[in-house]
Amino acid sequence: MRPNDVYLELQKRLASHLRAVLLAKYDLPLENIPLEIPPDLKFGELSTPVALQLARTLRKAPKIIAQEIVASLAGLDGFAGFEVAGAGYINARIDRAEAAQSVAAGEASEPAGKGLHSLVEHTSINPNKAAHVGHLRNAILGDTFVRLLQAAGQKVDVQNYIDNTGVQVADVVVGFLHLENKSLADAHQLLEELRLRGERIDYYCWDLYARTSQWYASGAPEENEARKKLRYATLHELELGNNETSAVAELISTAVLRRHLETMLRLGIEYDFLPRESEILHLKFWDAAFEQLKQTGVLYFETEGKNKGCWVMTRPGAEITEGETNEDAKVIVRSNGTVTYVGKDIAYHLWKFGLLGKDFGYKPFFTYPDHLCWISTEHGVEPHPHFGGAQAIYNVIDARQSDPQANVIQALRGMGYTAQADRYTHFSYEMVALTPRCAVDLGYDVSAEDLARPYIEVSGRKGFGVKADDLIDKLIAATRAETDARQTGRDEAERQRISEQIAIGALRYFMLKFTRNSVIAFDFKDALSFEGETGPYIQYAVVRARNIFRKAATTPEAVLAEFAALTLPQGGGGFGPSHSTQTPVSGHDFSRAEQPPKEEGALAPGGTSSPARIDRYLEGDGNEDIWALWLRAARRTMVLEQCITTSEPAYLAKHAFQLAQEFNNFYHRHHILTEEDPARKTFLLATAAVALRELITALTWLGIESPEAM
RNA sequence: GCGCCCGUAGCUCAGCUGGAUAGAGCGACUGACUACGAAUCAGUAGGUCGGGAGUUCGAAUCUCUCCGGGCGCACCA
């Protein structure tokens, strides 16, 4: 039997059939057949307003068209019938028993894009301070998207770009060398002392960075001028490398980076490669890119206007008038010969697509339980894995950087790399801000102006924000208190593990439940909630399902095997090619809801002369909620594809929640273990087994573990 | 000034390529534990989808305009 995802498969089948019917009947080639999931099961499982849409071109009443189309649909494999409803909708009812067989068998279709080599860049925190809630959103979005691409069968490289030679690192170095008057030897000593005391270097830098930022503006005008000069002199030394200042920067930034990886690992987030800006500079990536940019004419030398003496490029969407100087052009090479950020980013992205003709050196940096994370270096070790050269890339970068991102894409397109430009996704998301109340609770001074705002932007420079590790610690403490109260029979280690799983589940779900372009106004009350639309709610549904199987002394696998026997008296079924036993349906003569849901006689066990179809359990007023659960379980691949094509993990988060909600509802309405009809009991257990399987799969894709108990 | 995002129930948010009575969670109020453990479930109240105009058989969804909020538009990264 060929694998397929029930809903997706039936949708495709109906669409192509409708396309053929429209062509044959009306000579209308219609590429996109609108298909939707109706708002209520009474309208069937799939529906199309295509007749409404065609009314004008065909000059016929929509209802007439719908009836004509329905007449040609009878007997379509996998469907139980079609009917015209409302103003001219065509509603399709699928063969429930047959669909349930497929779902139970765990059939899933291959999503589009299988085998593609993708590269996801996320996290990319400046290594000069502790990670905060904003970085958590980035990393959780990125990591989840990586899991989605992998679930779709893609080969994914996970990268975390490290700007170790930028102003932000320069600022902590200035603070260390000039505010604290310390040396390279002191830096070594500090790291050792912090290690012994069990303190975090990234927390230390959080405060130092904020102090230094203030220091730049807190003196007399001429003092501030000197401090600013010091800042840029330091930055210059970092870029050059091979000096004491850069050695301090390297030492501190690497220690902070290590902390970031540890923080993210608490959330189950891992990386394959850490490309650093220092290597992009020292290995002269830019020189190679510059040649290509000049040759393709993307960059031109400006001889007039405010950008005179610079190499510039035209911005995307800019209207250029012949013979006039484009004052709005983006400067890529400054008049002093140095390269801007966008320039370096173009070089880096040429490398990502394997178009630069240069590569990093590689050395191992961080060890995960099952693989190594590599970091860039000038002279690497052999052998090493190769990164870059991807077919599709995703950059998880906040929405404020959409302009520079668009510039990079524009440059690639201008160089003739249009296929790559099309597969370059700026995976943008809005920031995480704090509600004024949250800021006050944390002890920050909040101005009257800020108090009136809906939210206040987090700022590392100001030291304003919620640190990632603090939030995680707080979440674990809260779940631990709850777990200790509930799981009195379990030992310390077990309770801690469960608490961590729940805490991380709550945090990851919280960051994923919002769509990317909505600003998250962070508040501890919401983030620390474990009820309602939360990760723990979904995890709890899993635990409940598991408890049923434990009490019944069976397993989901055993139940599903039993279920297959129950529903497959002839051993066939499913969505195999030639399995059409449908009776033609004229389109207006059936109404499933009116059939009695249950016969008086007991169900004959599978394998007897009268095929023991399970329709009776899937239809009728009392069973619509069960069928809805099966139907949702059938949507896994559909949701996965939707998430990938729209770069929106929130759809999967919503799907998992709705699945859990329907399961909890089912759990209350139908008591499984006390069910007396053995066949129905098997059916109910199979329902739980399917829900359990789909819940665990969805949670895994979201990077959320399923605890054994809670 | 130009560009992008947002404005949906008291609060926080969904609403897929325009489609059938606008949904969820939280909060409020009513109920359900002799347990497949209530981190749960059922029910009630609550909405001029920011305002206006247009396109359409049909608009929360598309276009225009106005109002309100946010973020970008460096020879910073």
Side-chain angles (χ1 to χ4, degrees), chain A residues 32 34-40 43 47-49 52-53 55-56 61-62 85-89 91 126 163 165-168 170 232 235 277 306-312 315 317 328 330-342 344-345 398-404 406 428 430-431 433 435 453-455 457 479 482-483 486 502 506 513-515 517-521 523 525-526 529-534 536-537 539-541 543-552 638-639 642 645-646 648 650-651 654 657-658 661 664-665 667-674 684 688 709-710:
Chain A
N32 284 320
L35 273 177
E36 55 201 45
I37 297 174
D40 194 295
F43 300 123
S47 137
T48 177
L52 297 166
Q53 194 178 303
R56 177 173 284 256
Y89 284 94
N91 293 336
N126 278 304
D163 183 5
T165 56
V167 274
Q168 294 213 19
Y232 288 105
L235 176 63
E277 173 151 282
K306 65 167 186 164
N307 294 332
K308 186 176 177 181
C310 299
W311 286 88
V312 300
R315 288 176 197 271
D328 187 45
K330 174 68 194 168
V331 172
I332 301 299
V333 181
R334 303 181 186 101
S335 52
N336 67 5
T338 57
V339 194
T340 61
Y341 159 73
V342 170
K344 283 179 275 191
D345 223 24
D398 77 79
R400 287 171 290 192
Q401 297 216 45
S402 61
D403 276 3
S428 82
E430 275 295 343
M431 62 181 170
T435 62
R453 292 167 175 268
Y455 48 79
E457 186 179 352
T479 50
E482 198 67 30
T483 306
R486 291 161 187 263
I502 297 169
K513 70 192 277 195
F514 304 95
T515 49
N517 54 11
S518 106
V519 176
I520 298 181
D523 197 308
K525 181 174 71 66
D526 300 327
S529 164
F530 308 132
E531 290 167 13
E533 195 181 346
T534 65
Y537 175 94
Q539 291 173 314
Y540 189 62
V543 168
R544 284 178 138 181
R546 282 193 175 140
N547 285 346
I548 295 171
F549 290 98
R550 207 186 53 239
K551 289 255 175 167
M638 213 179 194
V639 174
Q642 189 193 9
T645 54
T646 58
E648 184 53 270
Y651 295 134
K654 186 66 91 182
F657 171 67
Q658 288 171 332
Q661 207 173 29
N664 275 330
N665 178 295
Y667 177 93
H668 272 266
R669 258 189 235 194
H670 309 279
H671 206 273
I672 299 173
L673 297 181
T674 54
L684 293 176
M710 51 188 294

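Residue numbering restarts at 1 for every chain, and letters A, B, ... go by the order of the sequence lines.
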Any A:K330 side-chain nitrogen or oxygen under 4.0 Å from OP1 or OP2 of B:C73: no
Sugar-phosphate, base or nothing in reach of A:F530, heavy atoms under 4.0 Å: base
side-chain N/O A:N307 vs B:C75 OP1/OP2, d < 4.0 Å: yes
Which nucleotide in B:G72, B:G69, B:U40 has an atom nearest any side-chain atom of A:P454: B:G69
Whole-Å distance separating the CD atom of A:Q401 from the P atom of B:C4: 19 Å
Atom-to-atom span, CG of A:D40 to C1' of B:U21 - whole angstrom: 10 Å
Candidates B:C41, B:C16, B:A77 - which lies nearest the side chain of A:Q642: B:C16
Aro-ring/base stack A:Y667-B:C36, d under 5.5 Å, angle under 30°: yes
Distance below 4.0 Å between A:Y540 side-chain N/O and B:A39 OP1 or OP2: yes
Pairwise C1' distance, B:C75 and B:C66 [rounded to whole Å]: 39 Å
Sugar-phosphate, base or nothing in reach of A:Q53, heavy atoms under 4.0 Å: base
Closest non-hydrogen atom pair between A:V342 and A:K330, with its separation: CG2-CE, 3.8 Å
Euclidean distance, A:E648 CD relative to A:F514 CZ, rounded to 0.5 Å: 12.0 Å
A:T534 and A:F657, any side-chain heavy atoms less than 4.5 Å apart: no
Sugar-phosphate only, base, or nothing, as touched by A:L35 at under 4.0 Å among non-hydrogen atoms: base
Check: A:T340 side chain, A:V331 main-chain N or O, donor-acceptor pair, under 3.5 Å: yes
Separation of atom CG in A:L235 from atom P in B:A77, rounded to whole Å: 8 Å
Side chains of A:E277 and A:T165 in contact at under 4.5 Å (non-hydrogen atoms): yes
Length of the line joining A:K344:NZ and B:C75:C1', which is rounded to integer Å: 13 Å
Sugar-phosphate, base or nothing in reach of A:Q661, heavy atoms under 4.0 Å: sugar-phosphate
Intra- and inter-strand pairs of RNA chain B in dot-bracket (Watson-Crick or G-U wobble, both distances under 3.5 Å; | for another strand): (((((((..((((.....[...)))).(((((.......))))).....(((((..]....))))))))))))....
Rounded interatomic separation in angstrom, taking CG from A:N664 and P from B:A38: 9 Å
Rounded distance in Å between the P positions of B:G7 and B:U17: 14 Å
Selected nucleotide, minimal atom distance to A:Y455 side chain, candidates B:G70, B:A39, B:G72: B:G70
Candidates B:C36, B:C75, B:C73 - which lies nearest the side chain of A:N547: B:C36
d(CG, A:D398; C1', B:C6) in whole Å: 16 Å
Residues in ring-ring contact (aromatic ring centres under 6.0 Å, His included) contact with A:Y455, at least two apart in sequence or another chain: none
Of the listed nucleotides B:C16, B:G70, B:A77, the one nearest the side chain of A:P404: B:A77
Presence of A:N665 side-chain N/O under 4.0 Å of B:A42 phosphate oxygens OP1/OP2: yes
Side-chain donor/acceptor contact of A:T479 with base of B:A39 under 3.5 Å: no
For A:T646 against A:Y651, the heavy-atom pair lying closest together: OG1-CE1, 3.4 Å
Between A:R544 and A:N547, a side-chain donor and acceptor under 3.5 Å: no
A:H671 vs A:V333, nearer the 5' end of RNA chain B by closest nucleotide: A:H671
Atom pair distance, as rounded to whole Å: CZ in A:R400 and C1' in B:C6: 15 Å
Sugar-phosphate only, base, or nothing, as touched by A:I332 at under 4.0 Å among non-hydrogen atoms: nothing
C1'-based separation of B:C4 from B:G10 [nearest Å]: 31 Å
Pairwise P distance, B:A28 and B:C73 [rounded to whole Å]: 43 Å
Out of B:A20, B:C36, B:A39, whichever nucleotide has its closest atom nearest the side chain of A:P38: B:A20
A:K525 with A:D523: basic N within carboxylate O range, under 4.0 Å: no
Sugar-phosphate, base or nothing in reach of A:T483, heavy atoms under 4.0 Å: base
Euclidean distance for C1', B:C29 against B:U34 (whole angstrom): 28 Å
Among B:U21, B:G70, B:C41, the one nearest A:M431 by side-chain distance: B:G70
Presence of A:H668 side-chain N/O under 4.0 Å of B:U40 phosphate oxygens OP1/OP2: no
N/O (side chain, A:R544) to phosphate O (OP1/OP2, B:A38) under 4.0 Å: yes
Donor/acceptor link under 3.5 angstrom from A:R486 side chain onto base of B:A39: yes
No-hydrogen, no-angle side-chain donor-acceptor test under 3.5 Å, A:N664 and A:Y540: no
Nucleotide-resolved protein contact map, nucleotides 9-15 of chain B, B/S/- at heavy-atom distance under 4.0 Å: ---SSSS
Atom-pair distance (CG on A:L673; P on B:U34), nearest Å: 18 Å
From B:A20, B:C36, B:A77, nucleotide with atom closest to A:N91 side chain: B:A20
Pairwise P distance, B:A74 and B:A59 [rounded to whole Å]: 42 Å
Side chain to side chain, A:F530 and A:M710, heavy atoms closer than 4.5 Å: no
Closest-nucleotide ordering on RNA chain B, the 5'-leading residue of A:E457 and A:D163: A:E457
Nucleotide nearest A:T340 (side chain, heavy atoms from C-beta), chosen from B:A74, B:A38, B:A77: B:A77
Nearest heavy-atom neighbours spanning A:A545 and A:A688: CB-O, 4.5 Å
Touch class at under 4.0 angstrom, heavy-atom based, for A:E482 against every strand present: base
Sugar-phosphate only, base, or nothing, as touched by A:R315 at under 4.0 Å among non-hydrogen atoms: sugar-phosphate
Minimum-distance nucleotide to A:S335 side chain [options: B:C75, B:A20, B:C41]: B:C75
A:F43 aromatic ring stacked with six-membered ring of B:A20, 5.5 Å and 30°: yes
P atoms of B:G47 and B:A39, separation to the nearest Å: 33 Å
Integer angstrom distance from the C1' of B:C13 to that of B:G18: 22 Å
Any donor-acceptor pair under 3.5 Å from A:T48 side chain to A:P34 backbone: yes
Under 3.5 Å donor-acceptor, A:K513 side chain and A:E533 backbone: yes
